[in-house]
Each structure stands twice: as structure tokens, then as C-alpha cells.
Protein chains: 2
Amino acid sequence: MKNFTSPLFHLKRVPDSTVRRLSLYLGFLEELEQRGEATVSSDVLARLGGTTSAQVRKDLSIFGSFGKRGLGYFVPELTVRLRDILGLGRDWHVVIVGAGKIGLALAQYPGFREKGFQVSALYDASPAKVGTTVNSIQIRNIKRLASDACTEHFDIGVIAVPAEGAQSVADTMVAAGIKAIMNFAPVQIAVPTDIVTRTVNMGLEFEALSFALANLSK
Amino acid sequence: MKNFTSPLFHLKRVPDSTVRRLSLYLGFLEELEQRGEATVSSDVLARLGGTTSAQVRKDLSIFGSFGKRGLGYFVPELTVRLRDILGLGRDWHVVIVGAGKIGLALAQYPGFREKGFQVSALYDASPAKVGTTVNSIQIRNIKRLASDACTEHFDIGVIAVPAEGAQSVADTMVAAGIKAIMNFAPVQIAVPTDIVTRTVNMGLEFEALSFALANLSK
DNA sequence: ACATGTGAACTGCTTCACAGCG
DNA sequence: CGCTGTGAAGCAGTTCACATGT
């Protein structure tokens, strides 16, 4: 392959599972870099990530040929490449709606900022919360989101409100031009096809464990 | 199919994606039941869950024939069946290790208990936290987990400690006979093959959004 | 000799289409 | 006739195996 690393040359569809694994590899590479390792083989990355070396190579080959045959991959180089592929070479402006447990936890978590996710604004519907300050971010009234979005730019919207309010928040975000939504409400939200959404539903995860336990005996 | 609904007759492997969808269907059924709907078709469930009617029928057919041709499924009956399949007809004893943000949030969340996940114990390493009470659960010293597990039975272990401590907590849980582990630490944990684990890694989810945004233009 | 990059084979989930039954 | 249940077909992701380059 001709090592077309620019996003402009993405021909193949990228499986979701590949993206998840790339994130994992990046984590391992950052550790390896700190330990001063110069190169790493697909086999080592596979062992760390609980997959196979062929899988690692296939994952990377979607984006280009980053390795040296007989040697492996240069750790610092591959780190930079993966960061670039994952869009982590820059800061994203994040708006969080819902200053409850999840919303506040995210706004206060330092690792979130360090990864390039900058919480630019925090909204809530409760008059008691509006106006208070969290981590030097003032909580604003949710009603202002639509108008604020005209002057401020938000890349990622986080829905951290109860199930009932989730769809309406999503609609506001879409109208505000936000193209990526992380949904922590335990409901499916409907959005136009050009908007990317991910729903994190902890209840579902626990029910999957419950299913596994109930069927262990088989 | 001969409607073998007992877990003893599971012949087919159940895809992970199917389990996730069954949880979703169950949620919709509970809503439909409250609204007094008597029956529901695979088509309606599909629409609610963002999938196809064939997919719904295939998902259910793994476990038996619950529907009536020309009519659909009886809402109360299918609700019970799904709850049973997912192992939600009973209470699970959950032990949470790590009384930080996530651990405390779970211990205090009422919906968790309502779904049958009963937090039986909460452990932490910090002397400042040990002995204090949260939601009528006294926080115990992590060192006592191994011995406590001899007299108390825990079904599900939740790892809610920082990355560094996760593997050691997992080892303790496995030694204590816990068969299912929910891991909130942002690391891969290694466990014997007969132990079920799920890792919830919010960082990975956000990086997937970042990837999608970075490659929107293509 | 060693480890990558990749077409080919394989596996498994999803979609199709229709027979079967209420 | 309507909707389920299910083999068969289709498709996507993974694994295999080896040619290729250092």
C-alpha cells in the first residue's frame, strides 16, 4: 500500500471494533514510550490487547504501512500516527448538558482534559444549579444552549440528563450544529444520519453480566 | 422449534449483540406493559430498538418460540420470559471495590437495586473512608475482602479503583470465588477463562467519537 | 532469519424470503 | 390474511498463510 495516511485517502470502511482496538494500542504505546522502548512488534501489541498479531497488522494496514519488516514498529512514530488517526492530535470542544453525577464527574475529571477533551460549557435545567461554578466552569441555563451555539463552537455534546429529557437535549444539540453526541441517558436517541452518536448504558452492561451468570451452568 | 425455554437446553451460542438487544427489548416491553398494551409485533420492537423485525425474531428464536403467528407476542408473557433469560428474575449480590466517584455512585443509585443488583458490600483501601457509611452500607477495608468472601456470597464484583490497583483487585475477586466482574478501571484485566468480565472504558468511547469527527470529511 | 502486509479462506452475525400456522 | 419462525443467502470481521522486504 502506498502509505496514504491523510484522512482524505480513506477508502476502506473502518470497523468499530478496529477503532476500539486502536485506542487500546495507543495506550500501550504510551506506556512503552515512557519505558523507553524503541520498537514493538505486532505480536507484543496483540498480547497486551488480548488479540492476535494478524489482527493488529490488519487494523493498522487500513491506514497505511507503518512498520519495518523483520523489525516491527517504531514506538514514537506509531504513537503519533495513532493519535493522529484517532483525532487526538487536537483539542475538542465539549459541551455537557446535565450537571448531575455523571455530568459533574466528567467536568471535574482531569484525565478528560489531558486527552484533549476540553469542557467548554456546562448546562442544567435546575435553577438551583444554574449560576454556580464547577471546576471554573459556570453552569448555564439549558435554554441558552441554542443561542450560545451561534457564537461558540462545540464539537461534542454530552447528554447527562435523565431518560425523559434526553431526546429533547439531542434535538437542541443537532439544531446547534453539533455533529457528535455522547449519550449517557438509558434510552435510544434519534438523530439525523450525519450525526455520530454513542450511547453508554451501564444498565445494559450489568444485564449482560447477569445473563452470563444465569447461563454459566448451561 | 420445541420451545425449550429452560437454560438447560441452550444449544446455540448467543451473540453478545443479541444479549444487548434483548435488554433493550425488555425495556420497551416494560413501557408497553405500563401503557397497557396486550401484544406487540417484532416490527414494533424493531422500530423502537433501531433494528429489523427479522433481527428481533432471530434474537428471540434462540431461546424459543414465544409468539403467536398473525398476532405477535403477548407483552406480559414476553416480559417475563426476557427477564428470566437475562437472569433478572432474582437478586444478585454485588460487591463494589473502590469508594471513589464511580463506586459511590453505583452504591447510591436506586435503579441499580431495583433491577435486582443488591450492593452487599463496599470496600476501599483509604483509612479515611473505611468505617464510614454510605447508603446504610459500611465501607470495609479492602484487606478483608478475601476472608469476608468465605462467609458471605458475592455474585458480581465491581472494580472501581484506579488503573494501578485493578489487576490486584481482580485477582482477589477470583480467589474469593467471584465468577463475574465489571471493570471500570481503564486497563485490560487478566482472569481465568471461566470468569466473565466486562470492561467499561469511557475514554475509549470518547476516542471513538473523536475518530468519527476527525474522519467525517473523509 | 524475522516480522510485516495482504489476498484467500473462514467464521459468524445479519438480512432475505417464504413456508407455516393462527 | 398477518405475523412468526427459520433455512438459505449475503456480508463483515477475523484468522490463516505466505510472499515480500529488511
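Naming convention: chains lettered A, B, ... in sequence-line order (proteins, then strands); numbering from 1 in each chain.
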With sequence neighbours left out, what residues match A/Ser120 under side-chain hydrogen bond (donor to acceptor under 3.5 Å, both in side chains)? A/His93
Got a sec, which residues hit side-chain hydrogen bond (donor to acceptor under 3.5 Å, both in side chains) with A/Tyr25, two or more places apart in sequence or on another chain? A/Asp59
Which whole-number value in Å describes the distance from [X] [atom1] to [N] [atom2]?
X       : N      : atom1 : atom2 : value
A/Ile62 : C/dG7  : CD1   : C1'   : 15 Å
B/Phe63 : D/dT6  : CZ    : C1'   : 16 Å
A/Arg20 : D/dT14 : CZ    : P     : 11 Å
A/Asp59 : D/dT14 : CG    : P     : 7 Å
A/Asp43 : C/dT4  : CG    : P     : 8 Å

B/Ser168 side, atom OG; B/Met173 side, atom CE - distance, nearest 0.5 Å: 10.0 Å
For DNA chain C, what residues of residues 23-41 of chain A have any heavy atom nearer than 4.0 Å? A/Ser41
In the 5'-to-3' direction, what one-character label does each nucleotide of nucleotides 15-22 of chain D receive under the scheme B = base within less than 4.0 Å of a protein heavy atom, S = sugar-phosphate only, - = no such atom? BBB-BBBS
Have a look at B/Ser17 and say if it touches a base, only the backbone sugar-phosphate, or nothing, with a 4.0 Å heavy-atom cut-off. sugar-phosphate
Less than 4.0 angstrom between a side-chain N/O of B/Ser42 and OP1 or OP2 of D/dT4, yes or no? yes
N/O (side chain, A/Tyr73) to phosphate O (OP1/OP2, C/dG5) under 4.0 Å: yes
Quick note, side chain to side chain donor-acceptor pair (under 3.5 Å) partners involving residues 177-193 of chain B, not counting sequence neighbours, are B/Asn183-B/Thr199
Results of salt bridge (charged side-chain N to carboxylate O under 4.0 Å, His left out) for B/Asp91 - residues two or more places apart only: none
